[in-house]
Amino acid sequence: MKRLVDSLQVLAVAATVWTVFLLFTAQPPVTGDPVQDDGARIYAARCSGCHGGAGQGLSAPALAGRVAEVYPERADQIAVVANGRGGMPAFGSRLTAEELDAVVEFTRSRLGA
């Protein structure tokens, strides 16, 4: 039993190290579109740690390929990002309306397809 616990602890530490590595090495793409670039920057800094750099999902649900399906109305997605839901924190007091719009636009156009 002790060996199992030790193995699980090693796996947990390795997963944490890998996640931190990804957080600090992920670079948002530069498109020349200020809204997309802001959205990519905000997503990389605030969202990718849980949703994954490519929206594949880590400790939070995957966004890639399903954002528009889950949130057909853009306003509903903005409300979730602003107000939080379940384990997701609210970003409405940390991001401006323009930043909220940019990160939602990024997830819908770059991750949602």
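Positions are given from 1 along the sequence.
The ring-ring contact (aromatic ring centres under 6.0 Å, His included) analysis of residues 74-96, with sequence neighbours excluded, yields no pairs. Applying the side-chain hydrogen bond (donor to acceptor under 3.5 Å, both in side chains) test to residues at least two apart or on different chains, the pairs with a partner in residues 82-94 are Y71-R85.
In this structure, the separation between CD on Q56 and CG on L111 is 9.5 Å, given to the nearest 0.5 Å. In this structure, CG on L95 lies 11.5 Å from CG on D101, to the nearest 0.5 angstrom.
The heavy-atom pair separating C47 from V103 by the smallest distance is SG-CG2, 4.0 Å. Counting all heavy atoms, side chain and backbone alike, L100 lies closest to A82 at CD1-CB, 3.9 Å. The two residues E69 and P72 make their nearest non-hydrogen contact at O-CD, 3.7 Å. Minimum heavy-atom separation, L63 to V67: O-CG2, 3.1 Å. In this structure, F106 and A40 approach most closely via the heavy-atom pair CE1-CB, 3.6 Å. Across every non-hydrogen atom of Q77 and R108, the tightest pair is OE1-NH1, 3.0 Å.
Residues passing the salt bridge (Lys or Arg N to Asp or Glu O under 4.0 Å) test with E105, sequence neighbours excluded: R74. Every side-chain contact (heavy atoms from CB on, under 4.5 Å) that A60 has, sequence neighbours left out, goes to C50, H51. Take D38 and apply the side-chain hydrogen bond (donor to acceptor under 3.5 Å, both in side chains) test, not counting sequence neighbours, and it matches no residue.
V80 is listed as a side-chain neighbour of M88, based on a closest heavy-atom distance under 4.5 Å.
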